[in-house]
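Presented below is the structure to which this report refers.
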Amino acid sequence: MSEGSLTRAEVEHVARLARLALTDDELDALTPELSKILEHAAQVSALDTEGVPPTAHPLPLVNVFRPDVARPGLARDEVLAEAPAAEDGRFRVPRILGEAP
Amino acid sequence: MADSAIAIAADVRAGRRRARDVLEQHLAQISAREADVHAFNLVTADDARARADEIDDAVSRGDDPGPLAGVPIALKDNLCTRGVATTCSSRILDGWRPPYDATVVERVHDAGAVIVGKTNLDEFAMGSSTENSAFGATRNPYDLSRVPGGSSGGSAAAVAAGFATLALGSDTGGSVRQPASLCGVVGVKPTYGAVSRYGLVAFASSLDQIGPFATSVGDAAQLLEVIAGHDPCDSTSIAEAAPALLADLERGVEGLRVGVVEELTDNEGIQDDVKAAVEAAADALAAAGAKTDRVSVPSTMYGLSAYYLIAPAEASSNLARYDGVRYGLRVDGADISDMNARTRDSGFGVEVKRRIMLGTYALSAGYYDAYYGQAQRVRTLIIREFERAYEQFDVLLAPTAPTVAFELGAKTADPLTMYLNDVCTIPSNLAGHAAMSVPFGSALASDATSGASALPIGVQVLAPARGEPVMFRVARAVEQAAPGGA
Amino acid sequence: MAATATQTWEIVIGLEVHCELATASKLFCACRNEFGDEPNTNVCPVCLGLPGSLPVLNERAVEYALRVAEALHLDVPEHSIFSRKNYFYPDMPKNYQTSQYDEPITRDGWLDVDGERVGVTRAHLEEDTGKSLHVGGGGRIHDADHSLVDYNRAGVPLLELVSEPDIRPAEQAKRSVEELRATLLAIGVSDVKMEEGSLRVDANVSLRPEGSSEFGTRTEIKNLNSLRSLVRAVEFEVKRQSGLLESGERVVQETRHWDEDGGRTISGRSKEEAHDYRYFPEPDLVPVAPTDEMRTRVRGSMPELPAARRARLIDQWDIKDEDARVLVDVPGLADYAERAVAALTSGTPKDVANWVRQDVLGYLNERGLSPAVLAPEMLAELVGLVADGTISRGQAKDVLTESMADEKWPRDIVEARGLAQVSDTGELGAVVDAVFAREADTVEQYRAATDDKDRKKKRNALMGKVMAELKGKGNPQLVNQLLDERLG
């Protein structure tokens, strides 16, 4: 497999990781598109980055803190008003099948 | 459009003009042309009138409403506005009303500006044409068959069409500068951290910055002075207060060193007229006393590739929260995972899905180092090369967008073609540096039909981190030298 | 060691402990960090992960992490960062957890457990998730109809501690948690209540043939709500794994759930693919670079650690290891004992320790109370009364119970009940003389006795008469002394 190109199976796997219920048509369209984009993006591997550290933050800031003081937050009504479903002051969701990782 | 924000604010504060009158003029303009341009997702006329009245009352009481008193401003619809729909032009947030204001929204409000509405964008700020909006494209006020650029196309068009005097957008890979260029207005991407991101719906956290749109460099400077400065709600926000920009604006460019970036200007994808504009701007600066030369920053050619790994990776994580649980769209499912997946597939448009997939892949086990990791290292190389360039130059010049505005639908078939629109703007986001686009002449599109009018060109001024003061000085000089000048 | 018919297995245990830090506000926002409030009343845009929200790090959480580093001898690297752990679950508002991955705030330390070192691989900061309630199907997740989510706990600061797989028997796992708990409590970073979830323990268990240096496949056990569950679960898992290995089967690397009622571990993993967390550095937070000033300040504020306190009490009070351990382990008990000792006017610290270890602790355990409800000065008074001879030890037991239950001073109880012993030797001597006079026969039988048994019998009889005459209020030691003197 050439660097940068994806199989449909790989795309399906990534869709599961990303919680996207892609249709077959979407998978058919996306697979070549993503492969092409990835191939282009993989050009970065042409550059020699031996010993070069990654830049996670463009600004060299450290130690930004907040004092440990509690303050009132949002009113529950305001928060639940935007919820798709609520019950007993909580967000209601369809059944969860497994424990958290 | 005639009226500058600075002039309006001065008049309103002095009682020479009423904020309400200024607003009504702009609302009338919206009535006249918004149906064609579609700059807005939502026009907040009632709230705006109430606010304008408040400003006028304050002035008659002898209070000072602030440096943006009575100035109509449009906000990109990915900026949280309390109690007012904030959709990011996506179905997944259709109807969502934030319970809080973004910091920049508070700041412009407190400065006396009058918010006229929320503008259209490419969904979740992902795009370069505003065609990826779930609510229909925005059109370029100069030619309604063409795009305004993106992702902040609505904000750029709103200012260009006279719907608002000022606007705010967000810039992750060029999304303020590129539409500014295509719509013939000024657009600024500040230094990373100069403007608080609190309340900006995140796309790519290490690249996003909120930036001003205006019809003049002076107005853009005024707006940036209002919104910039430390915010304790944003850990990545620069510690200092906003830089002073207006004071030195007219200082001129005598003795400044200006470098034209070779790899970006000579790129074969750049329209000849655009290249000519950059050269002309350089010549004008030389005539005004600057020292100009060419400079090579080779790794900028890899900027696009690095960006299309870093931005989607961060986006894939930032957009994970849209799952139908707490707000926004929910499509029911057999269980939670099913509900999440159906909601997201239904709620997100195709470009957003592409980028989420790309980003998830770039971070996934076995691929992190080759893709995301490598891209972040290339980012360091770009920063280092820029640092070397800034040892010899105070600012750099380059095109903003490769061409003038293209037709709607012209670049939607192949995502890569669209992505190439950002090649000149992306490096500044990767480096966290400041950059802005200044209108400089116009030209016909390469596919122009006979009788078509010329379309705006933007020239980009780049500066190092915290280089806004010198950048604005140079931009002002470019503006003064522009054909049809200011 | 688990010995089965054909093989001796070495048990290898590693612990993963999550400790809720007792800060006033959450890790990344100013919402109240409080257990038990009405659902979704301690939430804000940040901990709800609303679009546009951003985290800002709580400086006290960092300070607490540095305190733990001091107490557990952990290294503090100059540079540490937060990372995102990406997965979907409804109790996580952003569908990623802001945690620490390859650059944790502390690493490579140890805890002393009964003279042996248990390695601590790392201790890092991360945010807690919300809580879900499962509706229908008896409240269990697998049979539920739907679930309800409360985000009050989302964003609460956690310190995750991971031990080296240094722990051998189940009992040592329990002791390690007890020692860790006492330490975290002593340095004031958490209230470490397993029953409230402010201390959560998962155990990794594997077996290997005795003498082997390679590790066997391990399983992770979750849902251990008490130390007793920890021990039972480990013991069950050891049996289960050795059973598998004995019959030639492999142990599957998985997460298992401890079923308290059924007394067994159950395979927990759904059939989903293994999680790919796609860790990357958190772009919304900047690195933490603990300064010398920060570390010096923390060092200066460190209280006495459990091991040091135990050693001091053993040395100063002349008590046994076991007693010292109990005193220091039970939250608040050592404080109570030390304040009592400070208030003594007569009697010894050892006396105090004995009373605390037996009667006081028994009383508290019976009623599920904390030592904080008791007044240590009252115990000091009681100990003094016994030392003075005002009351006997036997009497003191009852007086103490009444003192603790009714918050009354022992002296007042003694007076009210007229319990004071007669300790005046003159008075006692007179009674002894009177009894000797009346029981002259017994006295003579004592003197004439030929064996010890007989002598003892006669002496006891006299003792009994004297005590009866004194209506039980004779100070027994003094009476015995006088008897010995008179009997010669």
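Throughout, a chain's letter reflects where its sequence line sits, starting with A, and its residues are numbered from 1. Basis for what follows: all heavy atoms, side chains included, without hydrogens, waters or symmetry-related copies. Not measured: the values here are computed from a predicted model.
In this structure, chain B has a heavy atom under 4.5 Å from the backbone of A/Arg92, while its side chain stays farther away. Only the side chain of A/Leu30 comes within contact range of chain B, judged by heavy atoms closer than 4.5 Å. The contact between A/Ile96 and chain B is made by backbone and side chain atoms together, counting heavy-atom distances below 4.5 Å. Using a 4.5 Å cut-off between heavy atoms, A/Leu22 contacts chain B through both its backbone and its side chain.
Pairing each heavy atom of B/Ser235 with each of A/Val64, the nearest pair is O-CG2, 3.6 Å. Across B/Val325 and A/Phe91, no two heavy atoms sit closer than the pair O-CD2, 3.8 Å. Shortest non-hydrogen contact noted between B/Ser206 and A/Ala56 is CB-O, 3.7 Å. The two residues B/Ser305 and A/Val44 make their nearest non-hydrogen contact at CB-CG1, 3.7 Å. When all heavy atoms of B/Arg330 and A/Pro84 are compared, the closest pair comes out as NE-CB, 3.6 Å.
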Next item on the list: Evaluate the side-chain contact (heavy atoms from CB on, under 4.5 Å) criterion for residues A/Leu34 and B/Tyr361: first the C-alpha distance (whole Å), next the side-chain angles of each, then the deciding distance (0.1 Å), finally the verdict.
Entry: CA-CA 10 Å; A/Leu34 291 177; B/Tyr361 185 75; over 6 Å; no

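Under a 4.0 Å N-O distance rule, the pair B/Arg82/A/Glu78 qualifies as a salt bridge. Between A/Arg19 and B/Asp345, no side-chain nitrogen of the basic residue sits less than 4.0 Å from a carboxylate oxygen of the acidic one, so the salt-bridge criterion is not met. Ion pairing of A/Glu82 with B/Arg326 is absent here, as no side-chain N (NZ or NE/NH1/NH2) approaches a carboxylate O to less than 4.0 Å.
B/Tyr367 and A/Glu10 are linked by a side-chain donor-acceptor pair at a separation below 3.5 angstrom, with hydrogens and angles left out of the test.
Between chain A and the residues B/Ala239, B/Pro415, B/Ala431, the most heavy-atom pairs under 4.5 angstrom are made by B/Pro415.
Using a 4.5 Å heavy-atom threshold, the side chains of A/Leu20 and B/Phe348 count as touching.
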